[in-house]
Amino acid sequence: MIVDTMIGHMISRILLSSAFILLSGLFTPLCFAGESTDSPTLEKDTKAALPHRRLRLPNVHPGRDPVYAYAKTLLSKALAVTEDKYGTFELQVSQQEVAQERQLRSLEHDMLDITWSVSSIDREKQHRAIRIPIMGGFFGKRIMLIRANDNRFDVPLTLESLKSMRAVQGYDWPDTRIFRHNNIPVLETTYQASFRIVAEGFADMFPRSVMEIQYELDKQPDSTLKIEPHLLVSYDSPLFYFVASGQEALANRISEGLTILLASGEFQNTLKAQPVYQESMAIMRGRSVIEIENPLLSEQSKAALDHYLSYFQIKAYNEQTKAPLEKTSDHL
C-alpha cells in the first residue's frame, strides 16, 4: 500500500510537470510579445503594419521641367529615408496643369498632398511650409530675358535704370509684389504670354530664376529674346515644400527626411548633380549684383535661410557692384 501510494504521487507529479511545461510553451509568446526581438519575420511584420501612403503631387508647370524633376527626386529621397518610421509611399502626379496659387489652394481642398513654391507670409499663414530651402537659395537669383535688339542693356544698368523700365511677371507670383515694392513697374499676365509681351515691346524684361532661364529660352526656338548679359537681381526667396495646414505628421516626415539628407550630404550632392545647377553657376559668374528687398518673407523663413544656406556654401559669382537696399513706404 505504501509503495502504491508513493507511485501514485510520483505519477501525479510527472503529469502536473508535463502539463505546466506544455502550458508554458503555449503562453510564453503572449507573455513576452512586447519584448524586442531580432527576428526578421517580426521586423518585417512591424514595418508592414505601418501605413502605406499615396501622395498626390502637382503636374509640372510649363518651363519648369528641370526644377520639377529635381524637387520630385529630392522629395522621394526624403520620404525613402523615413520609411522605417512612417511607412512606405508612392507618388501620384496630377494629370492637370494648374497655376502656382491654385496648387497651394488644392492642398487645403484635399486635391493635392504636397507641392513646392516660393514662400511668403500669406502662403505660410494658409498652408504648412517645411522651412528648408530646397533650391539652396537659387530662386532669389534673377536674370532678365530681354529683346535681342535692345541695346539699352549693352552696359550694366543700375537699380535706378530698372525703375524706369517695365518688368513682366505672373498674376499670382510673390515676385510681382517684390519688384513693385522696390519701385520697379510690373505688368501682370500669364506665364505663357510673358515671352510675347517682352518680344513685342509691351514690357522691357522678364526676370527669371537662374534655375529656369536657359531652359525656358531653349524652349522658345523662334524667339527674338536673349539673356541679359550683365546683371543679377538678388533677393531672399526660398523655395519650400508645402502641405495642407493640418498635415503636421506629413510635414514632420518631410522635414526629418531632408534633415537626414543634409547631414549625410546627399541633399547637397543631389542639387549639385543637376545639369541646371551647373548652368546656373556658370551664368551667374561675373555679373553685377543688384540687391533688392523682399518684404513678403516671414521672420521664420529669414532665419531658415540664414541657417540652411550655410550647408550649400554657394560662391558662384563675383559681386562687382552691389546697390544698397532702398527703403520704401510699402509694407504688409
Side-chain angles (χ1 to χ4, degrees), residues 62-64 67 118 137-237 276 279-296 316-330:
R64 288 191 175 176
V67 173
V118 294
F138 274 107
F139 248 65
K141 310 302 179 188
R142 299 275 159 163
I143 293 174
M144 276 78 73
L145 284 175
I146 61 172
R147 289 185 298 282
N149 61 357
D150 193 341
N151 56 18
R152 293 175 297 174
F153 293 91
D154 288 349
V155 296
L157 299 181
T158 64
L159 178 57
E160 288 303 315
S161 298
L162 296 184
K163 290 177 182 180
S164 66
M165 299 181 179
R166 179 190 286 176
V168 63
Q169 294 282 271
Y171 287 116
D172 58 358
W173 299 355
D175 310 275
T176 301
R177 294 172 63 187
I178 293 170
F179 278 93
R180 284 178 175 162
H181 172 83
N182 289 274
N183 295 323
I184 298 173
V186 178
L187 175 64
E188 293 181 72
T189 186
T190 64
Y191 169 81
Q192 297 286 11
S194 298
F195 301 93
R196 177 177 54 81
I197 284 175
V198 174
E200 295 180 0
F202 295 103
D204 302 298
M205 54 193 173
F206 185 17
R208 306 303 296 140
S209 161
V210 294
M211 302 290 280
E212 302 167 310
I213 191 166
Q214 188 62 62
Y215 178 84
E216 290 177 329
L217 186 60
D218 292 343
K219 296 288 282 186
Q220 309 279 331
D222 300 324
S223 176
T224 57
L225 303 179
K226 70 174 184 179
I227 295 175
E228 192 281 330
H230 301 294
L231 301 179
L232 179 71
V233 177
S234 177
Y235 51 93
D236 291 339
S237 186
V276 69
E279 292 173 359
S280 300
M281 296 287 280
I283 202 169
M284 286 193 294
R285 192 166 291 117
R287 288 178 172 265
S288 299
V289 180
I290 294 177
E291 291 189 353
I292 62 175
E293 188 175 44
N294 180 358
L296 309 181
Y317 49 85
N318 299 318
E319 298 188 356
Q320 296 175 343
T321 62
K322 293 183 68 174
L325 296 180
E326 294 189 4
K327 299 298 181 182
T328 72
S329 59
D330 295 340

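Not measured: the values here are computed from a predicted model.
Asn183 places no side-chain N or O within donor-acceptor distance of the main-chain N or O of Lys163, the cut-off being under 3.5 Å. Using modelled atom types, no side-chain atom of Arg142 and backbone atom of Arg208 make a donor-acceptor pair closer than 3.5 Å. For the pair Arg147 (side chain) and Asp204 (backbone), a donor-acceptor distance under 3.5 Å is absent. In this structure, Asn182 contributes its side chain and Ile184 its backbone to no donor-acceptor pair below 3.5 Å.
Note that CD of Glu200 and OG1 of Thr224 are 8.5 Å apart. Values are rounded to the nearest 0.5 Å. A distance of 9.5 Å separates CZ of Phe139 from OG of Ser280, quoted to the nearest 0.5 Å. Rounded to the nearest 0.5 Å, atoms CZ (Phe138) and CE (Met281) are 5.5 Å apart. Here the OH-CD1 distance, from Tyr235 to Ile178, works out to 5.0 Å after rounding to the nearest 0.5 Å. Here CG of Leu187 is found 5.0 Å from CD1 of Ile197. Values are rounded to the nearest 0.5 Å. One distance of note links CG of Leu145 with OG of Ser194; it measures 10.0 Å at 0.5 Å rounding.
Screening Leu157, Leu225, Ile146 for a side chain to side chain contact (heavy atoms under 4.5 Å, CB included) with Met205, the sole residue that qualifies is Ile146. For the side chain to side chain contact (heavy atoms under 4.5 Å, CB included) test with Val186, the passing option among Arg166, Arg177, Gln169 is Gln169; the others fail.
No salt bridge links Glu216 with Lys219; every basic N to acidic carboxylate O contact stays at or beyond 4.0 Å.
For Ser237 against Asp175, the heavy-atom pair with the smallest separation is OG-OD1, 4.5 Å. Nearest heavy atoms, Thr189 versus Ala193: OG1-CB, 3.5 Å. In terms of heavy atoms, Ser234 sits closest to Lys141 at OG-NZ, 2.9 Å. Among all heavy-atom pairs drawn from Ile143 and Leu231, the shortest one is CG1-O, 3.8 Å.
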